[in-house]
Amino acid sequence: MKAGAVRFLFLAALLGFSLVPFWWMLVASLKRSDDQLTFGNPWWFDELYTGGYTGLFANGTFRDWMLNTALVLVGTVCISLLASALAAYALAFLSVPYSRSLVLVFFATYLVPQGVLFIPLVREMARLHLLNSPLALVATFPSLVIPFGTWVLWSFFRSLPRDLLDVARVEGASPLSLLTWLLLPLSGPALAAVGLFAVAIVFNDFLYSFTLIQSQQQTTLMAGIGLLSTDLGETGPTFAAVLLGVAPVALACAFFADSYARGLGTGILD
Amino acid sequence: MASVSYENVTKRFAGDTLAVNNLSLEVKDTEFMVLVGPSGCGKSTALRMLAGLEDITEGQIKIGDRVVNDMPPRDRDIAMVFQSYALYPHMSVYDNMAFGLKMRGTPRADIDRRVNDAAKILELGPLLKRKPRQLSGGQRQRVALGRAIVREPQVFLLDEPLSNLDAKLRVQTRIELQKQHRALHATFIYVTHDQVEAMTMGDRIAVMRDGILQQVAPPREIYDNPANMYVAGFIGSPTMNFIPVTVNGTTAKASGFELELPRAPGVEKGILGIRPEALDEHAREGHGGLDLKVEVVEVLGSDQFLYGIVGGDAITARVDPALKVAPGDRVRLGVDMRRLHLFDTESEKALM
């Protein structure tokens, strides 16, 4: 009983600690102008001022940012999952020579500093006429997700009982139906892990959005907020925008943390 | 329905492990063939090559008249039941059984009829909507079998399908499988390490060891006329007594007794093989019998086994359970001379 109480208090303290920044931002986003930073109680608001939010949503540019972000997010997650699953299938089950080393090489690409890639990347996007379009990010982000995704799904696939695949092959499943009927439905946790990683890549990025997209209309929420804070004297809308930019990741993490851990767990155990 | 033939089939794994060594075996149409041997003897590899789950290094395998060496598993018209059952965990019992038919584009109404028919035979009707994790071991086993049956394949391959069941259920399922075999009129190839399963189920038994086929014969013949010491020792429980003897004409002399062999084997020494049930408390003509110093007594109700020493050799005998024997006693045993085996010391092949 006593150990349970200690555990509860400890977890409650951790929860409070992690919620504080969100609360602070929420309070800030519900105040007029720069009240939050100059005077008054930073942990509570005197009046509920929603002008920051309504202003943002009335703002066409902000709506564009949200739409661009959604496009980049959906594109990145879909392309990454599809490509990772296909690569992992091939490496795990087809006779690819040196498949194990290949997976390690994929993973090693994370050691290349991102700064090194900018100049070739910008040139490449220019050649594809994608500069200044969110599609440049849809083309770029998956390259950051796929190596990790391939590794996670590869080790997850390999941890599945071999008999399951054998029996499905005897039953008449083609490689594609093995993937769609058997492997993907069983790989929920691993797919969630890869998806969450992709969400984090998209929402953590400022650098790529900032360099690949110059136009205000075409940029993402994250890069846009950077512009917002430099342009406007009013902090309310900035904090509202930051909160809206952070909330999806926080919620995704909260709901999928369990699957994420399970998806990665099999990989590490392998 | 179809016959199956292995023609000089060899399987070499990476690292030069020889899993199956020049296997030639004919399985007749609708036959129940059991491949038996200890783990690692190559029996499962032989089955997996037939299923198309392992490449064949040398030789060829035929199903009916078709050479299937390079044919993908789905085109071989076989069904396989695994020891782990390998049920798809995210699908219901119905979908598990329907999967193979769906993959082959069987019309929905046909699938429905065949799954329901199989469910009726295997008494799975009330379980069709359940997921595998909600089933007991025996029920999972039946689903795995049902999944094979609905496909109506030419050949059923069963890889230790009873090994995960408890003893009582294993006996029931053994009988059930034999009924199914008769009802389906299909060729069954059954892999097991259990000699009781082999003896009770097989039309013929193929005994394997270290990738090499030792003997193929009906159970009775394997038991009565084992081709070598390995087969003799593997089949039958308790295992056959092996006693080194020197031979002079027709007289075989062991450390603790002498026997007159029915004919001269033409060797100077050998290994005498006597099954425990060929040794009992009845005196026989023609030899003085064996003087057993009893060390352990096992009473099983229907049988009584005595484990002890004759001269310098360990001997097991099956005697009447009514006979009162205690460890330390001496018992005079008679040998059923018609059931004597003699093996060559070097080659371990049967001489008589």
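First the proteins, then the strands, lettered A, B, ... as listed; each starts at 1. Hydrogens, waters and symmetry mates play no part in the numbers below; they use all other heavy atoms, side chains included.
Contact annotation for B:Phe82: only side-chain heavy atoms (C-beta onward) come within less than 4.5 Å of a heavy atom of chain A. With a 4.5 angstrom heavy-atom cutoff, B:Leu157 does not touch chain A via any of its atoms. In this structure, no portion of B:Arg76 lies under 4.5 Å from any heavy atom of chain A. Residue contact with chain A, scored on non-hydrogen atoms closer than 4.5 Å, is absent for B:Asp95.
Taking non-hydrogen atoms and a 4.5 Å limit, the residue list of residues 136-146 of chain B in contact with chain A is empty.
By the 30° and 60° cut-offs, the orientation of the rings of A:Phe148 relative to A:Trp151 is tilted. In this structure, B:Phe188 and B:His181 have perpendicular ring planes: the angle between them is above 60°, well past the 30° mark.
In terms of heavy-atom pairs under 4.5 angstrom with chain B, the leader among A:Val167, A:Leu182, A:Leu165 is A:Val167.
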Salt bridge (Lys or Arg N to Asp or Glu O under 4.0 Å) between B:Arg151 and A:Glu171, intermediate numbers included: CA-CA 8 Å; B:Arg151 295 253 323 282; A:Glu171 295 256 282; 3.2 Å; yes

Quick one, B:Glu160 with B:Lys43, criterion salt bridge (Lys or Arg N to Asp or Glu O under 4.0 Å). Give me CA distance, side-chain angles, the key distance, then yes/no. CA-CA 10 Å; B:Glu160 309 242 0; B:Lys43 58 193 190 301; 3.7 Å; yes

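Side-chain contact check for B:Glu7 and B:Ser24: no donor-acceptor pair (N or O, by modelled atom type) lies under 3.5 Å. In this model, no donor atom of one side chain and acceptor atom of the other lie less than 3.5 Å apart for A:Thr180 and A:Ser177.
In summary, A:Arg169 and A:Asp166 engage in a salt bridge, as defined by a charged side-chain N under 4.0 Å from a carboxylate O.
Note that A:Arg63 lies outside the cation-pi zone of A:Trp65, set by a 6.0 Å cut-off to the ring centre and a 45° limit from the axis.
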